[in-house]
Undergrad: 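Can you keep this structure in mind? I'll have questions shortly.
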Amino acid sequence: MRKINIAIDGPAGAGKSTIAKSLAKSRNMVYVDTGAMYRAIGLYCSRKGIAGDDETTIVGELDNINVSLAYENGEQVVYLNGENVNGLIRTPEAGAMASAVSVYPVVRSKMVELQQALAEKTSVVMDGRDIGTVVLPNAEVKIYLTASSEVRAKRRYDELVAKGMECDLTQLQKEIEERDYRDMNRETSPLKQAEDAVLLDTSDMNIEEVVAAMQKIIAEKIGD
Ligand code: DC
């Protein structure tokens with residue numbers, strides 16, 4: 001099978017991970033969730049009581065932070081200094097912390113190196129904010145997945161409620177908009193659509209429709 005890479009970027013809650021996972025499975029490719037790596041760094045900082053805006057301390061700690069990915073039973077597992085942190089990084093707080101620490105260029109370059117090494121070895125569906133623009137500029141397929149902030153907040157709300165967590169929809173939308181602003185306006189590798197990415201607005205689509213639309217885009221790009 002020809003090695004191909006698929007880059008999926010877009011704002012928080014656009015459905016990137018659900019869709020990317022499904023595509024990876026159907027195409028027998030490895031799914032790489034790059035947000036989880038920034039979340040692990042955010043978790044390290046939260047545990048140490050380091051503030052997200054304390055650049056000096058975060059940069060100083062970077063050599064003590066080892067993030068790696070493994071694949072166990074078909075699932076991506078994120079290890080933070082040898083500890084499986086998958087169960088600890090999915091909260092809105094972890095997302096906000098990840099967004100805060102990911103603005104620093106040295107944090108980014110350390111993660112980008114790891115991500116590129118993964119995509120070098122194997123066919124990946126990789127999702128994040130800078131995959132099509134910075135991490136995999138030569139990816140065979142690039143998709144920019146978005147939806148209105150109202151729709152994204154409602155999806156997150158439903159997800160969290162299903163997990164038994166309590167949350168406030170208005171607050172979630174506010175947090176999503178804050179995260180969008182920071183991710184889109186940071187100096188290094190801000191979230192933006194790559195020039196050669198296909199835009200897909202999923203505000204009025206369900207998961208099956210999004211997956212079908214993506215499969216069509218992929219088939220058109222790689223000719224299968
Ligand atoms: O995709 P996510 O919600 O798990 O990402 C959490 C944060 O990590 C996101 O708000 C910004 C940062 N991030 C990034 O800067 N670059 C990436 N490739 C992935 C995530």
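We count ligands from 1, going down the list as the structure has it; atoms in each ligand are counted the same way.
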Undergrad: Does Gln115 have a non-hydrogen atom less than 4.0 Å from ligand 1?
TA: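 Judged by the 4.0 Å heavy-atom criterion, Gln115 does not count as contacting ligand 1.
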
Undergrad: Let's go through Glu159 and Arg90 carefully: what are the C-alpha distance in whole Å and the side-chain angles of both, what is the deciding distance for salt bridge (Lys or Arg N to Asp or Glu O under 4.0 Å) to 0.1 Å, and is it a yes or a no?
TA: CA-CA 11 Å; Glu159 255 172 46; Arg90 289 287 145 220; over 6 Å; no

Undergrad: With a 4.5 Å heavy-atom cut-off, do Leu23 and Met214 have their side chains touching?
TA: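 Of all side-chain heavy-atom pairs linking Met214 with Leu23, at least one is under 4.5 Å.
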
Undergrad: Can a donor-acceptor pair be found, under 3.5 Å and without considering hydrogens, that links the side chain of Asp9 to the backbone of Gly132?
TA: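 Answer holds: yes.
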
Undergrad: Just going by heavy-atom distances, which of Arg186, Arg108, Arg90, Arg129 is nearest to atom 9 (C) of ligand 1?
TA: Arg129

Undergrad: Taking distance alone, with N or O pairs closer than 3.5 Å, would you say Asp127 contacts ligand 1?
TA: no

Undergrad: Strictly under 4.0 Å, does any heavy atom of Arg182 approach an atom of ligand 1?
TA: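 Contact check Arg182 vs ligand 1: negative.
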
Undergrad: If I apply the N/O under 3.5 Å rule, does Lys16 come out as touching ligand 1?
TA: no

Undergrad: Output yes when the distance from some N or O of ligand 1 to some N or O of Arg156 is under 3.5 Å, and no in every other case.
TA: no

Undergrad: Looking at Arg47 and Glu83, is any side-chain nitrogen of the basic one under 4.0 Å from a carboxylate oxygen of the acidic one?
TA: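 Answer for the salt bridge query: yes.
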
Undergrad: Geometry only, no angles: is Tyr38 polar-contacting ligand 1 at N/O separations under 3.5 Å?
TA: no

Undergrad: Please report the C-alpha distance between Glu178 and Arg182 in whole Å, then the side-chain angles of each, then the deciding distance to 0.1 Å, and finally whether the salt bridge (Lys or Arg N to Asp or Glu O under 4.0 Å) criterion is met.
TA: CA-CA 6 Å; Glu178 279 168 11; Arg182 180 158 44 199; over 6 Å; no

